[in-house]
Amino acid sequence: MHGVMGKPPGAVKDNIATSKVMLLMLVVMTGVAPISLYMLVPALPVLATTLGRDISIAQMTVSLYMVGIALSQLIMGPLSDRFGRRPVLLAGLGLMVVAGIGSVFAETLPQLIAARFFQALGGASGMVISRAIIRDLYPRERVGAMISLVVAALMIAQMVSPLTGGLLETTFGWRAILYLITAASLITTIFIALALPETRRDRADSSSFRGDLGKLMTSRAFVGYLLCQVLASQIIFAFAGGGPYIVVTQMGRTSAEYGAWFAMTGFGYFVGNLLCVRFAPRHSLEKLIWFGLALQVGGSLLNLVWSFTGVNQAPIWLFGTQMIVMIANAFVMANSAAGAISIRPEAAGTASGAMGFLQQGIGSLISQFGAYLGGHSTTTLPLTAAIFAISIACACTMTFVVPRRQVVVSEELIAQAEEDEQGMM
């Protein structure tokens with residue numbers, strides 16, 4: 001398998017069975033860190049009580065985990081450009097395994113918080129390196145579709161991970177979650193070690209993180225795609241931050257009902273990724289981004305109009321319209337990410353890491369801002385206005401920053417993308 005996969009992107013076209021294995025690896029390496037994050041969340045109250053700490057301290061097992069994810073993106077991406085995808089990924093997953101063992105035997109909350117931080121630092125290597133591997137193996141026009149395939153599969157797992165964590169805590173206690181996370185990370189590491197070849201392209205010995213980042217940041221196209229992807233992701237963070245306060249405080253509904261409504265937006269994002277896979281072979285990357293931007297601006301504008309009229313004080317209007325925004329968001333995020341990591345394929349890890357770091361870092365601030373807007377107002381207007389403003393800013397990056405280009409899509413590309421979709425299904 002190493003010999004076959006060592007010749008990207010042509011190797012992928014030779015054997016669809018190999019492509020399925022690669023897709024499975026991409027999903028697993030991308031999902032191990034975020035799934036581990038969501039799985040522990042339902043157990044936080046019990047965890048805090050058991051270890052004798054306030055829930056706000058227990059929440060640090062989540063907040064510092066997210067910090068670890070952000071830092072990992074910035075560190076692991078450039079390292080994978082320098083030393084190769086495979087060794088850096090295995091080192092990161094190995095760190096996650098060791099930290100997982102530490103979390104299992106943690107006796108105090110500070111010990112557990114530290115172990116969870118290093119879990120994220122190692123495990124998130126899969127998130128950033130998976131995008132670089134996709135760019136190594138596939139031509140530019142197919143990268144967006146492949147990212148969408150991975151995200152669509154990942155979202156299924158993420159939607160059930162909180163439920164899985166809750167059932168484990170109820171049945172076996174909260175430490176059972178840590179046992180499962182550690183076992184899953186160990187299995188993932190073994191799977192990657194046995195099945196993943198090196199995919200990194202040849203690069204000059206003089207290449208460095210500073211040099212790669214400098215060349216990327218002087219590219220209008222990279223900066224434009226980067227800003228477009230990061231801004232699009234902030235719509236998710238803003239709505240997730242303000243949504244609970246709007247539904248529970250303003251609308252007087254239960255938190256359980258909020259969870260059900262919020263799942264609608266997640267389903268919209270899932271559908272958007274599947275549609276992106278379907279449309280990608282027949283349309284250029286730029287056209288898919290523009291389609292997503294038009295729908296994103298239209299949906300957020302509609303929700304803003306509903307706020308002025310007071311219609312979306314009912315959840316069905318607020319979340320139903322936001323679902324349209326999330327379908328569009330999938331088109332924008334996947335394809336702008338593909339554009340960003342395709343500017344310098346030999347530095348795809350650095351590009352992916354910078355993008356992931358900014359997305360997570362700014363996202364933590366925007367999430368807090370969204371919570372403020374939702375919790376300190378009596379209508380949905382401040383939050384929907386903020387989301388509309390982000391949508392406009394996102395569209396402006398494509399309008400004024402990214403240079404225009406034309407891409408011709410071949411029949412062979414269409415057939416191959418349809419095979420990838422069938423393999424996913």
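FYI, the numbering just counts along the sequence from 1. Here the structure is a predicted model, which is why all the values come from computation and not from measurement.
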Hey, are [Y] and [X] close enough side-chain-wise for a donor-acceptor pair under 3.5 Å?
X      : Y      : answer
Gln229 : Gln359 : yes
Trp290 : Glu286 : no
Ser342 : Arg135 : yes
Asn303 : Thr384 : no
Arg85  : Thr199 : no
Gln111 : Arg116 : no
Thr30  : Ser130 : yes

Audit row: Thr254, Val248, side chain to side chain contact (heavy atoms under 4.5 Å, CB included) steps and yes/no: CA-CA 6 Å; Thr254 65; Val248 177; over 6 Å; no
Would you call Arg200-Asp81 a salt bridge at under 4.0 Å N-O? no
With a 4.5 Å cut-off on side-chain heavy atoms, are [Y] and [X] touching?
X      : Y      : answer
Phe388 : Val297 : yes
Gln234 : Val230 : yes
Cys228 : Val332 : yes
Leu275 : Ile327 : yes
Thr182 : Leu186 : no
Leu47  : Leu40  : yes
Ser233 : Gln360 : no
Glu169 : Val46  : yes

Evaluate the criterion side chain to side chain contact (heavy atoms under 4.5 Å, CB included) for residue pair Ile341 and Met355; output intermediate values, then yes/no. CA-CA 9 Å; Ile341 64 177; Met355 183 168 54; 4.1 Å; yes
[atom1] ([X]) with more than 12 external heavy atoms under 6.0 Å:
X      : atom1 : result
Tyr245 : OH    : no
Phe191 : CZ    : yes
Phe118 : CZ    : no

Interatomic distance, [X] atom [atom1] to [Y] atom [atom2] [nearest 0.5 angstrom]:
X      : Y      : atom1 : atom2 : answer
Ile113 : Met60  : CD1   : CE    : 4.5 Å
Met217 : Leu226 : CE    : CG    : 6.5 Å
Phe331 : His283 : CZ    : NE2   : 9.0 Å
Gln73  : Leu358 : CD    : CG    : 10.0 Å
Ile366 : Ile390 : CD1   : CD1   : 5.0 Å
Ile236 : Ile387 : CD1   : CD1   : 10.5 Å

Evaluate the criterion side chain to side chain contact (heavy atoms under 4.5 Å, CB included) for residue pair Ile133 and Leu196; output intermediate values, then yes/no. CA-CA 10 Å; Ile133 290 175; Leu196 181 70; 4.1 Å; yes
Closest approach of [X] to [Y] (non-hydrogen atoms, all atoms of both residues):
X      : Y      : value
Ala340 : Ala351 : O-CB, 3.9 Å
Met96  : Ser36  : CE-OG, 3.4 Å
Gly268 : Met323 : CA-CG, 3.8 Å

Test of ring centre spacing under 6.0 Å for Phe239 and Phe319: yes
Starting from the C-alpha separation in whole Å, work towards a yes-or-no answer on side chain to side chain contact (heavy atoms under 4.5 Å, CB included) for Leu90 and Arg86. CA-CA 6 Å; Leu90 289 175; Arg86 176 182 163 87; 4.0 Å; yes
